[in-house]
Amino acid sequence: MNLDRSWRSELRKLLLLLLGSVLVGWVLGFPLASLAVGFGLVSLFWLLQIWRMRRWLEHPDQLPPESSGLWGVIYSTIYRLQRENREARLRLQSTVDYLQESFASMRDGVVILTHRGAIEWSNTAAHRLLQLEYPRDRGQLILNLVRLPEFHDYFLARDFHEPLQVRMKGGRVRHLQMEITPFADGDFLLFVRDITRLQETEQMRRDFVGNVSHELRTPLTVFKGYLDTMLDNRDRIDERFHRPLLQMDLQIRRMESLLHDLLWLSRIESERSQKKTVKVDMVSLLEELQEELSQSHPQRSVALEIACRDAVYGDYQELHSAVSNLVLNAIKYSPDDTVVTVRWANDGDSVTLSVSDRGVGIQEAHIPRLTERFYRVDESRSSQTGGTGLGLAIVKHVAASHGAALDIQSQPGKGSTFSLSFSAF
Ligand code: ADP
């Protein structure tokens, strides 16, 4: 029986009872007193049922009291809801357990943080990687337990677009990658991955490239020395060999600049190199570069637009190489009769160096890959211009180590603008 029907039948029974008591009272000559007794009996019955229900609700795991009619239906409805509720809770709990178990067995550290940074839960890998222990550290602020200045800044800045890489000292040096993802109502999921082996392999690759480039320099210097002597004494050499000698000279120059760029890239990439962070006067750097270019490329005009005099904190040589790579590219990939413009301006939040040309431009599809080593849009053109394919890789690296953003805007056939934006002080 459902609640509506039993409610109606209960009302009917109540009405009949009251009518019966009025009738009996009327026969006996006390209709009102009899009605009052009827009411009293009904109230007593209802009070008894409420008391039974209260007693049952105190021990909800027991079976509901036996009852018929409306009260029976109420008991069974509550009992059913309780059972459904318990089952839903168990299902939810088993989903949570399942998720926690899968997180717990992960090789990466997982930490659930509240919006304040208090630890809600962490897995065993987080214990190994960050020495966090669950449940001991529950409720503690992560910044009090993971005392790394880089992580502190990363967490407080609340900009989690890029993962953070940190170097953990103490015993064996370890490299960790930390990534935070906001979820639910402002809580955070912190993933920690041990990337030590990856970093070691990367370091081995850099060392290898650096060493090979270094080793190749000596034989190349010997070749170049002999070749220069032969070219200086060209008139004493058979004319048939002049062309091959000039070709060799060209290729040796290319190889020299390739080795120069490779060595420079491996030097600036090397973590061991002690970076000199000084105040670099960008205006004098640009003026010096303009002067150098007027000698090396007298046929080209490089216009300087100095809209601010802000300095940048960083490494003078690295900044010089990044800017000169951008300007040399602008010169290489634009016609001789066009102007290359270098602009230095402050737009409030950042100070931006932009190099614009009116040259060949770049198709949009190539732009994301330009900073890869040896990536070239047009292989034949690049070999004509004598590029090494490492220029923009150097620019990207210098930008990253100076906290600058590299932006590339280009229109095929119209020209390109490469910008480096540094944060303003
Ligand atoms: P490269 O030594 O070949 O110039 P870079 O790393 O400096 O190597 O540049 C990579 C590629 O990006 C170049 O081969 C060229 O295709 C393209 N590129 C770079 N700068 C410009 C520019 N200002 N205009 C058009 N294309 C450019």
Side-chain angles (χ1 to χ4, degrees), residues 1-106 110-124 126 132-141 182-189:
M1 213 193 306
N2 70 19
L3 259 174
D4 268 355
R5 272 177 54 202
S6 52
W7 178 243
R8 275 198 302 272
S9 100
E10 194 69 22
L11 273 182
R12 254 197 317 272
K13 271 197 255 168
L14 185 67
L15 224 69
L16 277 174
L17 184 90
L18 294 180
L19 223 81
S21 35
V22 172
L23 251 164
V24 172
W26 185 60
V27 171
L28 296 176
F30 308 105
L32 276 181
S34 173
L35 185 66
V37 171
F39 259 125
L41 283 175
V42 171
S43 310
L44 258 173
F45 174 73
W46 281 53
L47 271 175
L48 178 74
Q49 295 301 341
I50 291 171
W51 177 77
R52 287 174 77 194
M53 178 183 285
R54 198 196 65 118
R55 223 179 49 167
W56 172 53
L57 288 179
E58 278 173 0
H59 307 282
D61 40 326
Q62 290 177 3
L63 283 176
E66 285 287 332
S67 195
S68 58
L70 177 67
W71 284 98
V73 176
I74 290 177
Y75 286 140
S76 60
T77 309
I78 293 178
Y79 186 60
R80 184 173 47 80
L81 289 176
Q82 266 183 343
R83 216 180 41 219
E84 283 173 6
N85 204 351
R86 207 172 304 138
E87 278 165 12
R89 233 184 17 234
L90 281 175
R91 270 202 307 277
L92 207 69
Q93 186 60 45
S94 79
T95 313
V96 171
D97 288 351
Y98 178 74
L99 281 179
Q100 280 199 348
E101 247 172 66
S102 57
F103 271 166
S105 61
M106 272 173 77
V110 182
V111 188
I112 297 178
L113 300 168
T114 64
H115 68 284
R116 286 189 317 122
I119 297 172
E120 266 293 307
W121 181 84
S122 63
N123 68 352
T124 22
L132 299 179
E133 204 173 314
Y134 183 81
R136 185 196 66 190
D137 296 334
R138 190 171 178 188
Q140 299 254 33
L141 290 183
F183 77 104
D185 243 358
D187 290 348
F188 300 107
L189 204 57

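- At least one donor-acceptor pair closer than 3.5 Å links the side chain of Thr114 to the backbone N or O of Ala118.
- Residues Phe30 and Val37 form no side-chain contact, since every pair of their non-hydrogen atoms from C-beta on lies 4.5 Å or further apart.
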Stepwise side-chain contact (heavy atoms from CB on, under 4.5 Å) test for Trp71 and Ile50: CA-CA 9 Å; Trp71 284 98; Ile50 291 171; 3.9 Å; yes
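- At least one donor-acceptor pair closer than 3.5 Å links the side chain of Asp137 to the backbone N or O of Glu133.
- Contact annotation: the side chain of Glu120 never approaches that of Leu189 to less than 4.5 Å [non-hydrogen atoms, C-beta and beyond].
- For the side-chain hydrogen bond (donor to acceptor under 3.5 Å, both in side chains) criterion with Tyr75, the lone passing option out of Gln49, Arg80, Arg52 is Gln49.
- Within 6.0 Å of CZ in Arg116 there are 12 or fewer heavy atoms belonging to other residues, nucleotides or ligands.
- Within 6.0 Å of atom CD in Glu66, 12 or fewer heavy atoms from other residues, nucleotides or ligands are found, so the atom counts as exposed in its surroundings.
- Side chain of Asn123 to main chain of Val110: a donor-acceptor pair is present (N/O by atom type, distance under 3.5 Å, no hydrogens or angles).
- Trp56 is not listed as a side-chain neighbour of Leu63, based on a closest heavy-atom distance of 4.5 Å or more.
- The backbone N or O of Ser21 lies less than 3.5 Å from a partner atom in the side chain of Ser34, making a donor-acceptor pair.
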Residues Ile112, Phe183; criterion side-chain contact (heavy atoms from CB on, under 4.5 Å); working and verdict: CA-CA 10 Å; Ile112 297 178; Phe183 77 104; 3.8 Å; yes
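- Not a single donor-acceptor pair under 3.5 Å links the side chain of Ser122 to the backbone N or O of Leu132.
- Contact of the Gln82 side chain with the Tyr79 side chain is registered, since non-hydrogen atoms from C-beta on lie closer than 4.5 Å.
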